[in-house]
Protein chains: 2
Amino acid sequence: MEREKYEERCDEICVHDEVVNSVTEEMPEDEILYDLAELFKVFGDTTRIKILYVLFESDMCVCDIAELLNMGQSAISHQLRVLKQAQLVKFRREGKQVIYSLADDHVRTIINNGMEHIME
Amino acid sequence: MEREKYEERCDEICVHDEVVNSVTEEMPEDEILYDLAELFKVFGDTTRIKILYVLFESDMCVCDIAELLNMGQSAISHQLRVLKQAQLVKFRREGKQVIYSLADDHVRTIINNGMEHIME
DNA sequence: TGAACGTATGAACAATAATTCATATGAAAG
DNA sequence: CTTTCATATGAATTATTGTTCATACGTTCA
């Protein structure tokens, strides 16, 4: 194993090898955990949470969202891009406008769970 | 209302006042949305996700966690502090050691929901 | 009490990310 | 096709955040 830099483990008493080893086996791939963190990072911004909440209520064009959140069109557009990449929203063109909507119900589920936690 | 800076709304066609107004009413308080984003921000870091995942399997002291993640004790301690403040983990002292564990089942629920999304 | 050990904390630095500004793209209407 | 309008994008700036290093704190054991 490549445990070179942090051999500073607390001696026998503290590190319970059995536990450490068995947990190591149960851990998902690093890449999955990375993706998971990336997903939550997307939810971890007030502007994006607001956008998602707005889309809960109704599909909407970029301009409507900007108006609603009292923010610049560019800022919203940048954040919609992030949400799009995370597959949390989808969009369709209607003439000059681009209408955004929630990608699926996971979004609601995840946000509702978070809401439950902070409401405790 | 204080919509001065962003009167740059796209003309009549785009902004559907009825929709905007009704959605505005449905929106939770700004403070709640802020707290929600703060919560997800905590999940939005690989190190913290890993710590939580490790604690899924077993309560553990700081040193064990650092060993498991092959990271410095200080870094882990700092992140545990963040997790503690978000009430996602709790701790108890056992002699010289401090044993951390998950605060409640919301943590599992939230992480599992996120997992479902990325596994699609 | 004093030494040793596990953990916590503050400051500093490096890395990331959000917003703004200016401008580009692409559809629609004349 | 040219202009207009809605949206997208790149660069720059500012703000935020994670890790490290050094050190302090609090238990335990001699």
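Residue numbers start from 1 in every chain, and the chains themselves are labelled A, B, ... in the order their sequence lines are given, proteins ahead of strands. Worth knowing before you read on, the calculation uses all heavy atoms, side chains too, and leaves out hydrogens, waters and symmetry mates.
The side chain of A/S77 has D/dT9 as its nearest neighbour among D/dT9, C/dT19, D/dT20. Distance from the side chain of B/S74 is smallest to C/dT9 among D/dT7, D/dG10, C/dT9. Between D/dG10, D/dT20, D/dT7, one nucleotide has an atom nearer to the side chain of B/A75 than all others, and that is D/dT20.
In this entry the distance linking CD of A/Q73 with C1' of C/dA18 reads 15 Å, nearest Å. Residue A/K41 contributes atom NZ, which lies 9 Å from atom P of C/dT16 at whole-angstrom precision. The separation between A/K96 atom NZ and D/dA8 atom P is 15 Å, rounded to whole Å. To the nearest angstrom, P of C/dT19 lies 8 Å from CZ of A/R48. A/M71 has its CE atom 14 Å from the C1' atom of C/dC21, to the nearest Å. With rounding to whole Å, A/I51 atom CD1 is found 13 Å from D/dT7 atom P. Here D/dT14 presents its P atom at 20 Å from CG of A/D45, a figure rounded to the nearest Å. Look at CG on A/L80: it is 10 Å from P on D/dT7, rounded to the nearest Å.
Within 4.0 Å of B/F91, counting heavy atoms only, lies no atom of the nucleic acid at all.
Nearer to the 5' terminus of DNA chain C, by closest-nucleotide assignment, is the contact made by B/K84 (compared with the other of A/V82 and B/K84).
Listed pair A/Q79 / C/dT19 meets the phosphate criterion, a side-chain N or O lying under 4.0 Å from OP1 or OP2. Note on B/Y100: a side-chain N or O is less than 4.0 Å away from OP1 or OP2 of C/dA8. A/R93 has no side-chain polar atom (N or O) that falls below the 4.0 Å cut-off from OP1 or OP2 of C/dA27. Regarding contacts with the backbone of C/dT9, a side-chain N or O of B/R81 is found under 4.0 angstrom from either OP1 or OP2. OP1 or OP2 of D/dT19 has at least one side-chain nitrogen or oxygen of B/T47 nearer than 4.0 Å.
With a 4.5 Å cut-off on side-chain heavy atoms, B/I65 and B/Q73 do not count as touching. Within the 4.5 Å cutoff, side-chain heavy atoms of A/F40 are placed close to those of B/I49. No side-chain heavy atom of B/M60 sits under 4.5 Å from any side-chain heavy atom of B/Y100.
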Working for side-chain hydrogen bond (donor to acceptor under 3.5 Å, both in side chains), residues B/H117 and A/Q87: CA-CA 9 Å; B/H117 184 83; A/Q87 310 203 37; over 6 Å; no

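Stacking between A/H78 and C/dT19 is absent: the ring centroid is not both under 5.5 Å from the six-membered base ring centre and under 30° in plane angle.
For the pair B/R48 and B/F43, the NZ or CZ position fails the cation-pi test of under 6.0 Å to the six-membered ring centre and within 45 degrees of the ring normal.
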